[in-house]
Amino acid sequence: MNYQKLSQKDKKYLWHPFTQQQEWIADKDITIITKGKGTFLYDAKGKKYLDGVSSLWCNVHGHQVPEIDRAIQKQLKKIAHSTLLGASNEPAILLAEKLVKLAPKGLTRVFYSDSGSEANEIAAKMAFQYWQQKKPAKPKKNLFLTVREGYHGDTIGSVSLGGVDLFHQIFGPMLFKTLKVKSPHDYSSRKVSNTQWLKDCVKEAEAVFKKYGSRLAAVHMEPLMEGAGGMLAHPWGYLKAIRRLCDKYEVLLILDEVATGFGRTGTLFACEQEGVRPDILCLAKNLTGGYLPLAATLTTEKVYKAFLGAFESTRTFYHGHTFTGNQLACAAALANLELMEKEEFLANIEKSSQMLQEFLEPIVAHPHVADVRLRGMMGGIELVKDKTHDIPYGYGEKMGYRVCAEAKKLGVLIRPLGNVIVLMPPLAITRKNLMRLIEVISLSIHRATKD
Ligand SMILES: *Cc1c(COP(=O)(O)O)cnc(C)c1O
């Protein structure tokens with residue numbers, strides 16, 4: 001179907017996620033993707049774009065990857081889907097084995113779902129039920145401690161755990177209460193040294209543990225860098241300190257590695273960089289290489305065992321989705337992880353990350369760039385209206401969107417988070433294309449911010 005017809009039908013029938021539809025409908029040049037190859041996307045007008053956001057942070061090896069294509073086609077010749085309720089299947093079994101092998105030590109059980117939001121809901125419900133059922137039970141441990149600016153998805157449980165006011169505030173009355181500590185990231189208002197800042201943040205967390213330790217079921221957080229909250233990097237040592245507090249006060253640590261997992265921050269999992277092992281780990285984006293929806297919540301034997309008992313004990317984890325353990329998705333994930341296991345995968349990320357770092361250095365000096373943050377291949381460039389007086393662009397100024405609109409003209413698709421330009425290229429991007437991405441972003445910032 002031609003572009004005009006598709007565009008008309010889109011505007012007539014679709015409702016896009018995280019999108020002001022009134023603006024979308026007024027846009028005469030909406031992007032309609034028809035094809036992807038490598039790290040490029042092609043639209044219905046025949047234009048080619050660099051996939052600068054990894055199709056929303058999930059594409060790893062590019063589009064039309066022969067190994068993943070073949071794995072899905074092979075699986076399709078057998079069966080697309082059968083349920084994991086009361087039956088099992090080969091790709092789900094083999095993928096669980098592989099995930100346990102790759103994940104931080106101690107995580108030995110895999111519970112599947114379809115999205116990062118669900119992986120986080122499952123983690124929270126698992127932790128809650130664990131304390132009700134472990135022997136001896138500690139039913140009073142039913143509170144969650146979370147970090148402000150955290151993002152764990154858009155379902156109600158995940159929103160309860162989240163702390164991004166713009167997305168979450170309106171739903172306040174629908175949410176369960178959580179305890180919150182400040183995000184350890186705070187570049188603008190920070191007047192103290194890094195060491196002092198880390199101390200202050202840990203002290204705040206410690207005070208909550210002291211007061212509520214016996215009531216805390218779990219700490220639920222993103223490690224190293226909070227993604228959707230604005231690419232907010234945490235100081236080194238914060239995660240380790242939280243793990244220590246969790247151990248001291250007998251609290252579970254749930255890490256949401258939906259964004260950071262599978263190489264994004266330079267190691268297979270971000271928590272490895274702090275030598276931390278969670279009790280529950282949430283994975284989704286990147287799991288199938290960006291091909292199909294699939295998520296996993298991993299946990300320890302200790303947590304898992306609290307759910308065992310006779311049928312009539314009703315200790316079962318009563319949770320599951322229709323497509324839990326879907327064969328096509330698991331087959332894609334297996335092929336994706338096999339590619340990741342090759343030695344050059346992490347080595348390449350390290351090289352690309354170094355290159356990114358070098359390219360970003362001059363951008364910091366730009367009069368409208370307040371801050372540049374990078375962890376591996378996950379980063380953000382924060383724009384500011386008045387650098388000297390630390391005055392941000394107003395929400396209505398749409399500066400992030402304006403930069404992205406300039407980038408689109410130059411053949412690069414990216415998506416901002418408020419005034420933060422997100423750096424999330426496909427992990428296997430070539431150095432040449434990475435250079436192109438950075439050049440276009442710099443030029444777009446320049447064009448959009450010049451008065
Ligand atoms: C994207 C994201 C989620 C939500 O995942 P969905 O698959 O979009 O539901 C949760 N946590 C983090 C850290 C994310 O980046």
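These figures come from a predicted structure and were not determined experimentally. As the structure lists them, so they are numbered: ligands from 1, and atoms in each ligand from 1.
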Tell me, with the steps shown, if R373 and D371 meet salt bridge (charged side-chain N to carboxylate O under 4.0 Å, His left out).
CA-CA 7 Å; R373 307 180 278 268; D371 194 22; 2.6 Å; yes
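Electrostatic pairing of D29 and K408 counts as a salt bridge here, judged by a charged N lying under 4.0 Å from a carboxylate O.
For the pair W24 and I30, the minimum side-chain heavy-atom distance is below 4.5 Å.
Heavy-atom neighbours of Y395 OH from other residues, nucleotides or ligands within 6.0 Å: at or below the threshold of 12.
Partners of Y318 according to the side chain to side chain contact (heavy atoms under 4.5 Å, CB included) rule, which considers only residues two or more places apart in sequence or in another chain, are T314, T316.
For ligand 1, the 4.0 Å heavy-atom shell contains residues W57, S115, G116, S117, N120, Y151, H152, G153, E222, D256, V258, A259, K285.
Residues H321 and H319 bring their aromatic ring centres within 6.0 Å.
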